Engineer: 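This structure is in structure tokens; I'll ask about it shortly.
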Amino acid sequence: MKNRKLAMTSRTARCLVVVIFYLFSINIVSAQSGNTDNQYRKPLLQVLKDIETRFGVKIKYSDPQVKDKWVNYADWRFRTNVDQTLDNVLKPLDMKVNKEKDKVYKLKEYEYNRWDVKDGWAYLDTLATKYNDVASWEKRKALIKPQLYEALLLSPLPAKPNSKPIITPKRVFDGYTIENIAIEIMPGLYINGSLYKPLNYKGKIPVVLSPDGHWEKQRFRADCQTRCAMIAKMGAMAFSYDLFAWGESMLQFKYEDHRRSLAQTVQTLGGIRILDYFTSLKETDTARIGISGGSGAGSHSILMTAMDARIKLSAPVVAMSSYFYGGCPCESGMPIHFCAGGTNNVELAAMAAPRPQLIVSDGGDWTAETPQHDFPYLQKMYGYYGLSNKVENVHFPTEKHDFGVNKRTALYDFLIKNFKLNATAVKDKTGKYDESKVTIEPETALYVFGDKGQNLPKNAIIGFESLKKLFPNFKD
């Protein structure tokens, strides 16, 4: 009896295995062949392997990128060309590939902010058909500008707090001074920075707003301190300030908040409030206010110059491109690029005309093609005013994405020429810029609110949810 039960159990187990194998086989056949009832559905992982086999290519991907992703009408998306096949397969999933080298691709999430070079150029050419002289261009600018404020939820501008800036004691160095400043731009919302100022000066002097980009250590980096100190030694004020949820702003917000679209609004409002402050100072020459930032702060510089006529000179560094809209929500999170029927960063940069503008580009990022198409467009726009020489491009084809010494040198030259600064104060006997006399301070010395944030004002708001309450029209 016992043996009989064991035999029956064994037969039952074998039957169960057969059934499971049969059902599994059906699923495999279904996944491989498919039909219209199941939309010829296949797992993305299988489709990628099919593409690799069919076209003899290698596609790099991580497990999370392909997990639980399916392709409808998978085999119907194949074409004779591998690039077109990948495009057909991946677009519905909001994915793409970057070609690393011949027959090697890397899977990526769809990058709304990055276009093919030719697509960016073609779109810029389309924008350029909307104007052909100063009158038509000024009409276009008048259409774009107010819509930028609306897109950023800054129309009308929020009420300005009555509080005075918080200023730390002045520190004295070789030819310049530094004091840290926090400005309340909305109730409980602060923007922090450090003001580099000439040690000795008479009368009114220029101001150069110096927002900092997405590089490590933010405005506390040695190259950032060096740039601002050199500008001060030449005879201008340089105000180095944090991006939103970046640097000292992280006392109020998390780094993740910088990756929220509202970051662009807060940064822009911060720039406007900084201009309010410096234009109120008796020592500021309001005819000589400039802005220069690199990377994401370069995008910020372009936008600020397009929106605020108080800026008389701009120098976006490794930023401007017709085929790249900024890789961070602080650059493209709000719908500024849909203003006036659509625009891009090069057209926004053209809104600086006829004010002096320096475009610094390099061969290692999205500014690699600047001299070929984007800069000639700007020259044409400035040519409407008869001032093509007021826009310049300094290109470093062998350099990468940074604000290195050669890029700083280009900025120094441009500021000296256009703001009439004192070149001899920063050059050695051979005529080269000498940055060696700049003191690099420890990060904590540049804090407004103390080395542990102990001086953060009591009314300071904390967290993104508190910030959203200041912008009731903002929608996640």
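Keep in mind that what you see is a predicted model, and the values were worked out from it rather than measured.
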Engineer: Testing Phe278, Tyr196, Tyr277 for ring pair (Phe, Tyr, Trp, His ring centres under 6.0 Å) with Phe239, which one passes?
Structural biologist: Phe278
Engineer: I'd like to know whether Asp125 forms a salt bridge (Lys or Arg N to Asp or Glu O under 4.0 Å) with Lys118, so could you lay out the CA-CA distance, the side-chain angles of the two residues, the decisive distance to 0.1 Å, and finally the verdict.
Structural biologist: CA-CA 10 Å; Asp125 289 344; Lys118 291 183 179 179; over 6 Å; no
Engineer: Salt bridge check, Asp402 against Lys400: does any charged N sit closer than 4.0 Å to a carboxylate O?
Structural biologist: no
Engineer: When the side chains of residues 456-463 are checked against the rest of the protein, which donor-acceptor pairs come out under 3.5 Å, sequence neighbours left out?
Structural biologist:
from, atom 1, to, atom 2, distance (Å)
Asn459, OD1, Tyr190, OH, 2.9
Asn459, ND2, Glu184, OE2, 2.9

Engineer: Look up atom OG in Ser361 and atom CE in Met320, then write down how far apart they are to the nearest 0.5 Å.
Structural biologist: 7.5 Å
Engineer: Using only atom types and a distance under 3.5 Å, with no angle test, would you say the side chain of Thr367 pairs donor to acceptor with the backbone of Asp362?
Structural biologist: yes
Engineer: Between Arg355 and Asn418, is any side-chain donor less than 3.5 angstrom from a side-chain acceptor?
Structural biologist: no
Engineer: Determine whether a donor-acceptor pair (N or O, by modelled atom type, separation under 3.5 Å) exists between the side chain of Asp285 and the backbone of Lys204.
Structural biologist: no
Engineer: Do Asp257 and Lys254 sit within salt-bridge range, that is, some charged N less than 4.0 Å from a carboxylate O?
Structural biologist: no
Engineer: Could you work out, with ring-ring contact (aromatic ring centres under 6.0 Å, His included) as the rule, every residue matching Tyr123, not counting sequence neighbours?
Structural biologist: Trp115
Engineer: Just wondering, more than 12 heavy atoms not from Lys468 lying within 6.0 Å of its NZ?
Structural biologist: yes
Engineer: Report yes if some heavy atom in the side chain of Trp215 is under 4.5 Å from a heavy atom in the side chain of Asp223; otherwise report no.
Structural biologist: no
Engineer: Consider side-chain contact (heavy atoms from CB on, under 4.5 Å). Of Thr268, Ile336, Leu154, which one does Tyr149 pass it with?
Structural biologist: Leu154
Engineer: Assess whether atom NZ of Lys197 is packed by more than 12 heavy atoms of other residues, nucleotides or ligands within 6.0 Å.
Structural biologist: yes
Engineer: Report the C-alpha separation of Arg219 and Ser194 in whole Å, then their side-chain angles, then the decisive distance to 0.1 Å, and conclude whether the side chain to side chain donor-acceptor pair (under 3.5 Å) test is met.
Structural biologist: CA-CA 9 Å; Arg219 65 181 174 90; Ser194 296; 2.8 Å; yes
Engineer: Under a 3.5 Å distance rule, please check whether Thr126 uses its side chain to pair with a backbone N or O of Ala122 as donor and acceptor.
Structural biologist: yes
Engineer: Above 12 or not: heavy atoms from other molecules or residues under 6.0 Å from NZ of Lys427?
Structural biologist: yes
Engineer: Under 4.0 Å between a Lys/Arg side-chain N and an Asp/Glu carboxylate O for Lys417 and Glu392?
Structural biologist: yes
Engineer: Is it true that Glu256 and Arg259 have a side-chain N and a carboxylate O under 4.0 angstrom from each other?
Structural biologist: no
Engineer: More than 12 non-hydrogen atoms from neighbouring residues, nucleotides or ligands closer than 6.0 Å to NZ on Lys99, yes or no?
Structural biologist: yes
Engineer: Look at the aromatic rings of His258 and Trp246 and report parallel, tilted or perpendicular, splitting at 30° and 60°.
Structural biologist: tilted
Engineer: If you measure from CD on Glu347 to SG on Cys339, what distance do you get to the nearest 0.5 Å?
Structural biologist: 10.5 Å
Engineer: Dump the intermediate steps for side-chain contact (heavy atoms from CB on, under 4.5 Å) on Val117 and His373, then the final yes or no.
Structural biologist: CA-CA 10 Å; Val117 175; His373 192 275; over 6 Å; no
Engineer: Between Ser332 and Tyr112, do the side chains contain a donor N or O and an acceptor N or O under 3.5 Å apart?
Structural biologist: yes
Engineer: Tell me if the NZ atom of Lys60 is crowded by more than 12 foreign heavy atoms within 6.0 Å.
Structural biologist: no
Engineer: When you measure from the side chain of Asp374 to the backbone of Ser322, do you find a donor-acceptor pair of N or O atoms at a distance under 3.5 Å?
Structural biologist: yes
Engineer: Is the side chain of Ser210 donor-acceptor paired with the backbone N or O of Val208 at a distance under 3.5 Å, no angle test?
Structural biologist: yes
Engineer: Could you walk me through whether Val134 and Tyr385 pass the side-chain contact (heavy atoms from CB on, under 4.5 Å) test, one step at a time?
Structural biologist: CA-CA 7 Å; Val134 170; Tyr385 301 88; 4.0 Å; yes
Engineer: Check the side chains of Tyr241 and Gln267 for a donor-acceptor pair under 3.5 angstrom, ignoring hydrogens and angles.
Structural biologist: no
Engineer: Kindly indicate whether the side chain of Leu303, heavy atoms from C-beta on, has any atom under 4.5 Å from the side chain of Leu148.
Structural biologist: yes
Engineer: Under a 4.5 Å cut-off applied to non-hydrogen side-chain atoms, are Met250 and Tyr255 in contact?
Structural biologist: yes
Engineer: In this structure, which one of Asp434, Leu421, Val426 forms a side-chain contact (heavy atoms from CB on, under 4.5 Å) with Lys233?
Structural biologist: Val426
Engineer: With rounding to the nearest 0.5 angstrom, report the OG to CD1 distance, Ser301 to Ile291.
Structural biologist: 4.0 Å
Engineer: Taking the cut-offs as 6.0 angstrom to the six-membered ring centre and 45 degrees off its axis, would you call Arg227 and Phe403 a cation-pi pair?
Structural biologist: yes
Engineer: Looking at side-chain heavy atoms only, is the closest gap between Lys407 and Val318 below 4.5 Å?
Structural biologist: yes
Engineer: If we ignore hydrogens and angles and just use 3.5 Å, is the side chain of Tyr323 paired with the main-chain N or O of Trp366 as donor and acceptor?
Structural biologist: yes
Engineer: Are Asn345 and Ser299 linked by a side-chain donor-acceptor pair shorter than 3.5 Å?
Structural biologist: no
Engineer: How long is the straight-line distance from CG of Asp174 back to CG of Leu199, given to the nearest 0.5 Å?
Structural biologist: 8.5 Å
Engineer: Listed by chain and number, what are the side-chain contact (heavy atoms from CB on, under 4.5 Å) partners of Ala350, not counting sequence neighbours?
Structural biologist: Trp137, Tyr377, Leu378, Met381
Engineer: Can you find a side-chain donor-acceptor pair between Tyr447 and Asn192 that sits under 3.5 Å?
Structural biologist: no
Engineer: Side chains of Gln357 and Tyr382 only: does a donor on one sit below 3.5 Å from an acceptor on the other?
Structural biologist: yes
Engineer: Between Gln65 (side chain only) and Leu107 (backbone N and O only), is there a donor and an acceptor less than 3.5 Å apart?
Structural biologist: yes
Engineer: In this structure, are over 12 heavy atoms from other groups packed under 6.0 Å from Lys96 atom NZ?
Structural biologist: yes
Engineer: Between the side chain of Gln252 and the main-chain N/O of Gly188, is any donor-acceptor distance below 3.5 Å?
Structural biologist: yes
Engineer: Side chains of Leu243 and His214, heavy atoms from C-beta outward: is any pair under 4.5 Å?
Structural biologist: yes
Engineer: Any luck finding a side-chain donor-acceptor pair between Asp133 and Ser136 under 3.5 Å?
Structural biologist: yes
Engineer: Less than 4.5 Å apart, side chain to side chain, heavy atoms only: is that true for Ile191 and Phe244?
Structural biologist: no
Engineer: Got a second to check how far Lys170's NZ is from Glu179's CD, nearest 0.5 Å?
Structural biologist: 5.0 Å
Engineer: Step by step, work out the side-chain contact (heavy atoms from CB on, under 4.5 Å) result for Tyr433 and Asp413.
Structural biologist: CA-CA 10 Å; Tyr433 289 106; Asp413 289 341; 2.5 Å; yes
Engineer: What I want to check is whether the side chains of Thr370 and His395 have a donor and an acceptor closer together than 3.5 Å.
Structural biologist: no
Engineer: Leu467 and Phe253: side-chain contact (heavy atoms from CB on, under 4.5 Å), yes or no, with the steps?
Structural biologist: CA-CA 9 Å; Leu467 178 67; Phe253 305 99; 3.8 Å; yes
Engineer: Would you say the side chain of Phe419 lies within less than 4.5 Å of the side chain of Met234, judging by non-hydrogen atoms?
Structural biologist: no
Engineer: State, with a plain yes or no, whether a side-chain heavy atom of Phe449 is found less than 4.5 Å away from one of Asn180.
Structural biologist: no
Engineer: CD/Gln218 to CD/Glu443 distance, rounded to the nearest 0.5 angstrom?
Structural biologist: 6.5 Å
